[in-house]
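Chain letters run A, B, ... following the sequence lines, proteins first and then strands; every chain starts at 1. Since the model is a prediction, treat every value here as computed from it, not as a measurement. Heavy atoms only: backbone and side chains are in, while hydrogens, waters and symmetry mates are out.
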There are 2 protein chains.
Amino acid sequence: MRLSTKARYGARALVDLALARPEDTTCVRDIAERQCISPKYLEQIMARLKAAGLVKALRGRHGGYALSRPAASITIKELFEVLEGPVAAVECVDDPASCPMSDVCPTRETWVQMKQALQNVLEQTSVQDLVDRENQR
Amino acid sequence: MRLSTKARYGARALVDLALARPEDTTCVRDIAERQCISPKYLEQIMARLKAAGLVKALRGRHGGYALSRPAASITIKELFEVLEGPVAAVECVDDPASCPMSDVCPTRETWVQMKQALQNVLEQTSVQDLVDRENQR
DNA sequence: AATATCCCTACTAAGAAAGTAGGATTGTAG
DNA sequence: CTACAATCCTACTTTCTTAGTAGGGATATT
């Protein structure tokens, strides 16, 4: 059960944007270079973040990306759902009807607890929290 | 970040074994039929559980599998690590040296927290807990 | 008009997941 | 002692996902 590079790269990209002044834009090439990510791949990731409304883009020369909201209001859970999909590790957690035994299955409750535990962590962490950590060093 | 069928099937198989008398053995075919799992696939899963010492096997006619310890002493975390691998969703959590930026990276701490949260749930749940849930209905 | 940026789509190579398949080995019951 | 039912072992296959690569189109600035 590994986290994809999309989610990890995306998190670092958001922190990178949050470190810039909110009114400035940062181009993909610069983020990619600082974060050691393939620029073309990061482009796709940023496109998804934009579609989800987490960042906004400015096209043309001197264009780039910026957070669309204050870093403190963007949670890692949002990022996770955009780039990694549902937090639930088993389908029946979100959709009991997907398994005919959902209402009797003793394992399902554990998968539900797993989701809740994960979600707690992801919801409680904002991009600003990550920035604060970075600044503490 | 989905849980594999191996882990899910394995969990159900252990519960199935726990429902039998401890001194009895249950053959793969029976478990597979009750749990709606491909018998040949379940064979491979049981082999892994045996190699990890969670179950013991008896060969030959009227052979089969049984839990090697009381159900209350087998945690889902053990099962998870055998069939799903490390609980950490990112490599640097268990092995900081795998990434040169581990000691500065602000995202790592969140991945660590994710692991801890998951681990809490998995450690606190034993096969016996699952059996108890099943019996409550 | 040149250029630097985002935007969009398609392609690919490698690996993992989820089984399928076929038989070898072993212990027991008749 | 023989047939059989079970585990054991290894290889194969098919499908899906991941992690990119590639090439160009649209657009705004200088």
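Whole-Å rounding puts the K50(A) NZ to dC6(C) P distance at 11 Å. Remark: C1' of dC8(D) and CG of L49(B) are 15 Å apart, rounded to the nearest angstrom. Computed from coordinates, the R48(A) CZ to dA19(D) P distance equals 11 Å when rounded to whole Å. Rounded to whole Å, atom P of dA6(D) lies 14 Å from atom CE of M46(B). Between M1(B) atom CE and dA16(C) atom P the separation is 17 Å, expressed in whole Å. Atoms CG (L42(A)) and P (dC7(C)) sit 12 Å apart, rounded to a whole Å. Put simply, CD on E91(A) is 14 Å from P on dC16(D), counting in whole angstrom units.
Hydrophobic cluster membership is shared by V82(A) and M1(B), with clusters built from Ile, Leu, Val, Met, Phe, Trp and Tyr side chains linked at under 4.5 angstrom. V104(B) and L130(A) are assigned to two separate hydrophobic clusters, defined by single-linkage of ILVMFWY side chains at heavy-atom distances under 4.5 Å.
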Evaluate E78(A) against R69(A) for salt bridge (charged side-chain N to carboxylate O under 4.0 Å, His left out), listing each step before the verdict.
CA-CA 13 Å; E78(A) 293 180 83; R69(A) 292 185 267 139; 2.7 Å; yes

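A salt bridge links E109(A) to R133(B): one of the charged nitrogens lies within less than 4.0 Å of a carboxylate oxygen.
A distance-only check finds a donor-acceptor pair linking the side chain of S73(A) to the backbone of P70(A) [under 3.5 Å]. Not a single donor-acceptor pair under 3.5 Å links the side chain of Q119(B) to the backbone N or O of V87(B).
A47(B) comes within 4.0 angstrom of nothing in the nucleic acid, heavy atoms only.
Taking side-chain N and O atoms only, Y41(B) has no distance below 4.0 Å to OP1 or OP2 of dT13(D).
Scanning residues 2-39 of chain B for heavy-atom distances under 4.0 Å to DNA chain D yields C27(B), V28(B), R29(B).
Of all heavy-atom pairs spanning D103(B) and R137(A), the tightest one is O-NH1, 3.7 Å. Annotation for Q124(B) and D129(B): closest pair O-OD2, 3.3 Å, computed over non-hydrogen atoms.
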Mark up nucleotides 22-30 of chain D, 5' to 3', with B wherever a protein heavy atom is under 4.0 angstrom from a base atom, S wherever such an atom reaches only the sugar-phosphate, and - elsewhere.
-BBBBBBBS

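With sequence neighbours excluded, the residues satisfying side chain to side chain contact (heavy atoms under 4.5 Å, CB included) with A88(B) are V93(B), D94(B), K115(B).
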